[in-house]
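Reading through the structure tokens given below for one structure.
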Amino acid sequence: MLNFSKNKLDSLAIGAAILGSGGGGSTDYPLLTTANMLETYGDISLLNVNELQDDDLVVPLGFMGAPLVGLEKIRNELELETIIQAISKDYNRPLKALSVTEIGGGNAFTPFYIAGKLDLPILDADLIGRAFPELQMISPTVYNLQSKRCYMADVFGNVIKLECNNMQEVEKYARHMTVAFGSSAAIVLHVFTGKEAKEVMVKDSISKACALGDIILTAKKLQQKPLEAILNYTNGKMIGSGMIKDINQSITAGFLTGKVQVQSDCTEWQIEYQNEYLFIHQNQKIAAQTPDIIALLDEETGVPLSSDSLTYGARVDIISFKAPDLWYTSSGLNLVGPQYFKKQI
Amino acid sequence: MFKIGIDIGGTNTDAVLVNHNNEIIKTAKVYTTSDMVTGLVTAINAVTQQHKNIGAIIVGTTHVINSLLEVKNLTKIGVIRLAGHYPNTIPVGFKWPQKLKNAIIMGTKTIPGGCECDGSDISPLNKTVTLKAVNQLINAGAEGLVIAGIFSSIYPQQELIIKNWLKDELGKEFPITLASDIGGIGLIERENAAILNTALQQNLTKGFQHFQKELQNLDLTCPIWITKNNGTVMTINEVMQYPVFTLAAGPKNSFVGGAKLADFENAVVADIGGTSTDVGIVIDGFVRQTFKPAEVAGVRLGFAMPDLLTIGLGGGSHIEYINAAIKIGPSSAGNALLQQMRSLGGVQLTLTDAAIVQGTINIPGAKSCLNPKIAAHILDQAYKTIQQMYAKIAGFRKDLPLVIVGGGAELFRNCNLSTQVSIPTYSASANAYGAAMAEIGTTINTIINLKDRTNILPKLESEALAQAKTKGADSPRIIEKQVIPYYYAPENIARVVITAAGALCIQ
């Protein structure tokens with residue numbers, strides 16, 4: 001068990017933002033919310049996956065919907081509290097830990113909103129190792145572990161349970177439900193036993209995000225450009241540097257989709273996104289693509305820019321690095337590979 | 001035709017007279033008076049004696065931000081959150097400095113209301129509940145109100161309805177700021193800005209009304225502008241209603257003015273004042289801004305703020321010897337420099353005393369009061385502090401020149417300056433010169449259908465450019481462009497904000 005206190009919040013926020021590949025929503029308000037919760041309920045314990053017993057119960061928490069909503073409709077505690085109550089009632093035994101569903105972006109903080117109040121530790125693991133836009137794009141689907149039941153909750157304490165044939169159908173119906181909830185809903189996609197968690201979850205996600213964030217904060221302290229440190233740590237690839245010339249985006253079926261153009265003196269890049277950055281075209285050729293993690297970093301400060309916070313004229317460094325291995329397996333690529341997203345955007 | 005640029009700082013009020021080639025013709029520096037206006041009028045008179053041909057006066061002021069930093073002259077505010085789901089995870093005033101929070105926020109009520117992202121009500125407004133909440137806040141001591149609704153920058157109707165109800169209940173004069181008037185996505189930043197706005201309004205209105213009257217007495221008929229956060233200008237009437245929009249302008253003026261005086265497009269600028277020094281960066285002629293949420297006086301706001309470092313070192317900084325080591329600041333003689341400094345018979349050794357020894361600063365009647373070696377040692381140590389700040393803010397951009405400006409710039413004239421460092425002519429007036437260089441602009445804020453994006457956006461841009469030109473902008477360009485799509489709206493629509501601005505042209 002590790003202790004998670006307020007002094008780790010900044011590292012987690014910046015690390016999670018990079019792992020978000022432009023998506024997963026801003027980490028700004030999640031950080032504020034967590035700061036308030038840690039002040040109110042005290043520090044949180046981080047549990048390593050190896051510390052789980054096979055019959056423990058683990059609940060991954062997350063929000064789905066439009067990231068923009070989180071910047072306006074400040075959370076009440078009711079959504080997460082009622083969802084946990086519903087699960088406890090169904091399983092009729094105490095939970096061992098909460099966990100992150102998606103380490104990329106604001107969702108990295110979701111279980112922290114309620115762990116203190118419920119006096120539960122948080123598992124140092126998640127289901128993606130980055131951010132992806134659709135619900136079926138999680139590690140249990142890759143390993144063919146079916147979810148018996150999914151749970152959704154809104155701000156008024158309503159809980160909806162979904163028992164679907166597969167995660168693709170959960171995605172389909174949950175997306176509609178989320179719109180009815182005001183385009184943001186608390187969601188639990190799986191309730192894992194300790195054994196399942198050990199088999200399918202992406203391990204050490206929180207520690208890794210914090211370590212990545214630390215690198216940027218340390219580089220800043222040492223007055224170095226963080227870029228090199230990030231590339232070293234992630235074993236990443238430098239794609240180029242330029243200025244944002246155009247942002248063409250719209251909302252399609254609840255996703256922020258679009259193309260952003262970055263230009264330097266001699267090269268032009270086009271980055272396509274569906275919440276997350278998915279493809280980089282360099283002079284009409286692919287320079288990087290999903291499932292690689294793509295980040296646009298502010299050239300001066302190394303701060304990652306998310307797809308919903310792009311601004312005209314910003315100078316950015318474009319980098320890419322590998323996502324966790326499971327996404328490069330054939331079943332992983334079926335779910336999140338270039339072929340799948342080409343059909344979408 | 002001439003322009004007058006003015007900076008009203010905490011210690012000094014600076015004025016510059018600038019010709020049509022943006023060259024400084026005359027400068028003046030007077031003490032800022034507690035009423036702000038007397039000093040200002042003296043400064044204007046000092047630069048206009050021979051030049052009656054004034055086309056515009058542009059004023060930058062840190063007066064607004066100072067009243068927040070000093071927690072002075074602030075109105076007590078009650079905050080109404082329109083949020084039918086009663087969110088509690090980020091309370092009103094979260095992370096504010098305790099002293100400021102205690103001085104301003106008298107109470108908070110969350111009541112039914114607020115909108116979903118598609119414009120429907122989270123819960124409908126309730127007049128009885130609303131008026132009861134307002135009365136409770138006023139009974140608790142609130143002298144002004146803020147109404148902040150979820151998604152109000154896109155759907156302001158509920159806030160407007162409540163404002164109407166309150167007009168009947170409290171009268172037209174009762175200070176109220178709607179979060180929708182501030183605009184922008186992000187409830188917390190909008191709510192914070194609205195609170196500061198109402199808290200600042202009353203006192204500023206008094207000051208600026210006085211200011212307007214005095215200017216009429218001066219017989220100046222030219223327009224008067226105040227510099228705004230985004231580098232453009234606003235009218236006095238606009239400032240009295242939205243003082244919060246001037247909070248970031250002060251330091252920006254010094255940085256832009258400093259880089260322009262030294263003729264650099266890219267530079268680090270250190271503004272040495274009487275009490276403190278600000279260091280910022282200018283890239284391509286624009287002040288570098290922070291990407292992290294901007295904070296003013298410790299409060300998160302949604303405005304782009306200049307990336308700057310501040311340290312308590314200035315011309316009035318007290319000097320102490322502690323075990324043969326020299327300690328400079330952060331305490332300072334401030335406005336009482338002439339009474340306190342040792343060279344004029346006072347008891348306090350200041351940084352200015354050291355410069356008097358070297359002859360880089362001349363004050364009538366001042367006598368050298370230090371061993372020249374010690375004076376040089378003190379100034380070298382102060383210069384080293386400035387170099388450390390340069391290194392900190394420049395980071396890996398070690399190629400950037402350092403421009404030293406401000407009333408205290410001359411302190412360092414005799415230091416061993418490297419070729420990368422310059423103190424330009426008129427360095428003491430960089431802030432006022434920066435104000436004189438402020439641009440005039442127009443913002444178009446409208447809703448478009450994205451299907452027609454390729455046609456509409458260029459059209460809106462040329463419209464903004466044309467409007468800016470009409471307002472007096474010389475060869476305007478687009479300085480801000482935002483397209484925010486609406487989630488789950490029936491049509492593929494988006495809010496577009498486009499700002500065009502250019503140099504203030506006078507005839």
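The analysis underlying the following values was restricted to heavy atoms, covering all of them including side chains, and did not include hydrogens, waters or symmetry mates.
With a 4.5 angstrom heavy-atom cutoff, B:Phe94 touches chain A only via side-chain atoms. Neither the backbone nor the side chain of A:Ala219 comes within contact range of chain B; no heavy atoms are under 4.5 Å apart. Contacts between B:Ile90 and chain A at a heavy-atom distance below 4.5 Å involve backbone atoms as well as side-chain atoms. Interface residue B:Ala391: backbone and side-chain heavy atoms are both found under 4.5 Å from chain A. With a threshold of 4.5 angstrom between heavy atoms, B:Ile283 approaches chain A through side-chain atoms but not through N, CA, C or O.
Taken from SG in B:Cys115 to CD in A:Glu72, the straight-line distance is 10.0 Å, to the nearest 0.5 Å. Once rounded to the nearest 0.5 Å, the distance linking CD of A:Glu79 with NE2 of B:His85 reads 7.0 Å. Rounding to the nearest 0.5 Å gives a distance of 8.5 Å between OG1 of A:Thr311 and CD of B:Gln482. Taken from CG in A:Leu78 to OG1 in B:Thr89, the straight-line distance is 12.0 Å, to the nearest 0.5 Å. Rounded to the nearest 0.5 angstrom, B:Ile150 CD1 and A:Leu71 CG are separated by 11.0 Å. Interatomic distance, CG of B:Leu187 versus OH of A:Tyr29, reported as 6.0 Å (0.5 Å rounding).
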(Q) Does A:Asp28 form a salt bridge (charged side-chain N to carboxylate O under 4.0 Å, His left out) with B:Arg300? I'd like the steps, not just the answer. (A) CA-CA 11 Å; A:Asp28 243 19; B:Arg300 282 170 71 104; 3.1 Å; yes

(Q) Show, in sequence, the C-alpha distance, side-chain angles and deciding distance for B:Val483 and A:Gln249, and conclude whether the side chain to side chain contact (heavy atoms under 4.5 Å, CB included) test is met. (A) CA-CA 8 Å; B:Val483 183; A:Gln249 60 183 14; 5.6 Å; no

Q. Run the side chain to side chain contact (heavy atoms under 4.5 Å, CB included) check on A:Val179 and B:Glu116 step by step: do they pass?
A. CA-CA 10 Å; A:Val179 175; B:Glu116 301 283 5; over 6 Å; no

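Counted within 6.0 Å of NZ on A:Lys259, heavy atoms from surrounding residues, nucleotides or ligands total 12 or fewer; the atom is thus considered open. Within 6.0 Å of atom CG in A:Asp119, 12 or fewer heavy atoms from other residues, nucleotides or ligands are found, so the atom counts as exposed in its surroundings. Around atom NZ of A:Lys117, more than 12 heavy atoms belonging to other residues, nucleotides or ligands sit under 6.0 Å away.
For the pair A:Leu68 and B:Phe151, the minimum side-chain heavy-atom distance is below 4.5 Å. Contact of the A:Lys221 side chain with the B:Lys392 side chain is not registered, since no non-hydrogen atoms from C-beta on lie closer than 4.5 Å.
Counting heavy-atom pairs closer than 4.5 Å to chain A, the top-ranked of the candidates B:Ser152, B:Ser153, B:Gly186 is B:Gly186. Taking B:Ala83, B:Gly149, B:Gly114, B:Pro87 one by one and counting their heavy-atom pairs under 4.5 Å with chain A, the maximum is reached by B:Pro87. If you tally non-hydrogen atom pairs under 4.5 Å between each of A:Asn36, A:Ile247, A:Val155 and chain B, the highest count goes to A:Asn36.
The shortest heavy-atom contact between A:Leu32 and B:Lys95 is CD2-CG, 4.2 Å. Residues B:Cys117 and A:Gly182 approach most closely at SG-O, 3.9 Å, considering heavy atoms.
The main-chain N or O of B:Asn88 is never found under 3.5 Å from a side-chain atom of A:Asn76 such that the two would form a donor-acceptor pair.
Residues meeting the side chain to side chain donor-acceptor pair (under 3.5 Å) test with A:Asn248, sequence neighbours left out: B:Arg453. Listed by chain and residue number, B:Thr499 satisfy the side chain to side chain donor-acceptor pair (under 3.5 Å) test with B:Glu480 (two or more places apart in sequence, or in another chain).
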